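Model, not experiment: these values are computed from the prediction.
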Amino acid sequence: MTTPRMQLVLSENWTMTGGRADLPAVIRWAREAEDAGFDSVMISEHIVLGPDAGAGGMMGNPRDYALPGNQDPHTPWPNSLMLLGAIAAVTKRLRLAASAVIAPLRHPLLLARELGTLDLLSEGRLIVLPNVSWSRDEYAALGVPFSRRGKLLDEHLEIWAKLWGPSPVSHTSEYYTFQDVYFEPKAHRPDGPRLCFGGAGMHDAMVRRIVRYGHAFNPLGKVTPEDMQTLKTAMAAAGRDISDLEMIGSTRAVFPDDNSCADLAQALEPIPEQMDQGFTTFCVKPSQFTDDPNGVGAFCREVMRRVESLTA
């Protein structure tokens with residue numbers, strides 16, 4: 001069995017860094033992950049949070065993942081693309097996953113400029129997971145209609161595909177209209193940064209986006225055989241094979257209580273089974289397993305040692 005690629009989640013590690021003066025620690029962790037043999041790092045985003053961030057009650061263990069309605073609205077969310085730009089400057093091969101980029105909250109020309117520049121800066125190492133997210137309060141604060149978020153994302157994807165091609169570019173629609181814009185420089189690859197799609201369930205819109213634009217699939221939670229068959233069928237109907245997609249799986253942290261870290265060995269156990277299903281890349285968040293901000297390099301080395309042993 002081939003050793004899988006490992007992705008270090010650099011968002012939400014707030015039990016190890018407060019996200020202000022010590023934010024450079026995140027950049028150091030990325031460099032340490034590269035040195036340890038990790039393939040990529042992931043950073044997610046919110047622009048602002050509102051009261052609905054904690055509408056469901058706070059997560060029990062602060063080391064857990066932030067989900068819709070389970071986090072303190074004071075939770076820090078630094079700009080993901082700026083952080084990834086800083087990481088690109090101090091690494092050589094580490095891929096940069098901009099996860100949960102909430103595309104509808106920006107104009108597509110502006111966001112394409114940011115993504116294209118980061119892709120150039122990193123020499124093609126950028127992976128983008130554009131999504132619509134979940135917070136009505138965030139959309140309201142930015143004056144974007146929450147009910148139109150799916151249509152807005154679809155237009156972003158259509159416009160980005162145009163922008164990576166020859167200039168000038170024009171677009172006319174209900175939401176975005178522009179004529180004869182010259183978009184230079186373009187992204188590193190002729191077809192732009194690698195695009196990843198994911199989320200909970202295998203809904204029609206996500207399948208459609210994966211089939212048309214996707215290079216990778218990152219589901220939220222366990223994927224059923226029926227979901228996988230749905231995706232395979234849709235890919236085949238479009239003349240694509242599901243093996244074209246990078247399949248991104250996850251580890252499963254189990255906390256013994258609300259004050260303790262999870263056991264790393266237990267969290268890594270599902271990896272071989274997921275690899276049998278076609279998954280090749282796996283996410284792991286360091287603060288789920290250590291409280292030591294100076295121990296991330298050692299943690300990454302331990303992850304690689306255990307993963308190589310599991311898949312030998």
Legend entry - Pairing of E246 and R5 as salt bridge, 4.0 angstrom limit: yes
Inset, instruction - Please step through ring-ring contact (aromatic ring centres under 6.0 Å, His included) for the pair W134 and H46, ending with a clear verdict. - result: CA-CA 10 Å; W134 51 268; H46 281 289; 5.5 Å; yes
Inset, instruction - Answer yes or no for K285 and Y65: cation-pi contact, defined as NZ/CZ to six-membered ring centre under 6.0 Å and angle to ring axis within 45°. - result: yes
Inset, instruction - Indicate whether any N or O donor in one side chain lies under 3.5 Å from an N or O acceptor in the other, for R149 and S133. - result: no
Inset, instruction - Without swapping roles, check the side chain of D39 against the backbone of M6 for a donor-acceptor pair under 3.5 Å. - result: no
Inset, instruction - Take K186 and E184, measure what salt bridge (Lys or Arg N to Asp or Glu O under 4.0 Å) needs, and give me the verdict at the end. - result: CA-CA 5 Å; K186 305 200 182 289; E184 307 294 339; 3.5 Å; yes
Inset, instruction - Describe, in one word, how the ring planes of F299 and F289 are oriented to each other, choosing from parallel (under 30°), tilted (30 to 60°) and perpendicular (over 60°). - result: parallel
Legend entry - Lys/Arg N to Asp/Glu carboxylate O, R63 vs D291, below 4.0 Å: yes
Legend entry - Residue pair E302, R305: steps toward the salt bridge (Lys or Arg N to Asp or Glu O under 4.0 Å) verdict: CA-CA 5 Å; E302 179 66 7; R305 185 190 70 78; 2.7 Å; yes
Inset, instruction - Report, as yes or no, whether the 6.0 Å neighbourhood of atom CG on D204 holds more than 12 heavy atoms from other residues, nucleotides or ligands. - result: no
Legend entry - L153 versus P104, closest heavy-atom pair with distance: N-CG, 4.1 Å
Inset, instruction - Please answer whether the main-chain N or O of A66 pairs with a side-chain N or O of E12 as donor and acceptor at a distance below 3.5 Å. - result: yes
Inset, instruction - Taking all heavy atoms of C283 and all of N218, pick out the closest pair and write down the distance. - result: SG-ND2, 4.3 Å
Inset, instruction - Of all the heavy-atom pairs spanning L96 and S122, show the shortest one and how long it is. - result: CD1-CB, 3.6 Å
Inset, instruction - Classify the angle between the aromatic ring planes of W160 and H156 as parallel (below 30°), tilted (30 to 60°) or perpendicular (above 60°). - result: perpendicular
Inset, instruction - Could you check whether the rings of W164 and F183 sit parallel, tilted or perpendicular, using 30° and 60° as the cut-offs? - result: perpendicular
Inset, instruction - Kindly assign one of parallel, tilted or perpendicular to the pair H107 and F178, based on the angle between their ring planes and the thresholds 30° and 60°. - result: tilted
Inset, instruction - Please report the closest heavy-atom contact between L245 and M235, naming both atoms and the distance. - result: CG-CE, 3.7 Å
Inset, instruction - Say whether, by atom type as modelled, one donor and one acceptor occur between the side chain of D263 and the main chain of Q266 under 3.5 angstrom. - result: yes
Inset, instruction - Examine distances only and state if a side-chain atom of D119 and a backbone atom of A187 form a donor-acceptor pair shorter than 3.5 Å. - result: no
Legend entry - Carboxylate-amine/guanidinium proximity below 4.0 Å for E155 and R209: no
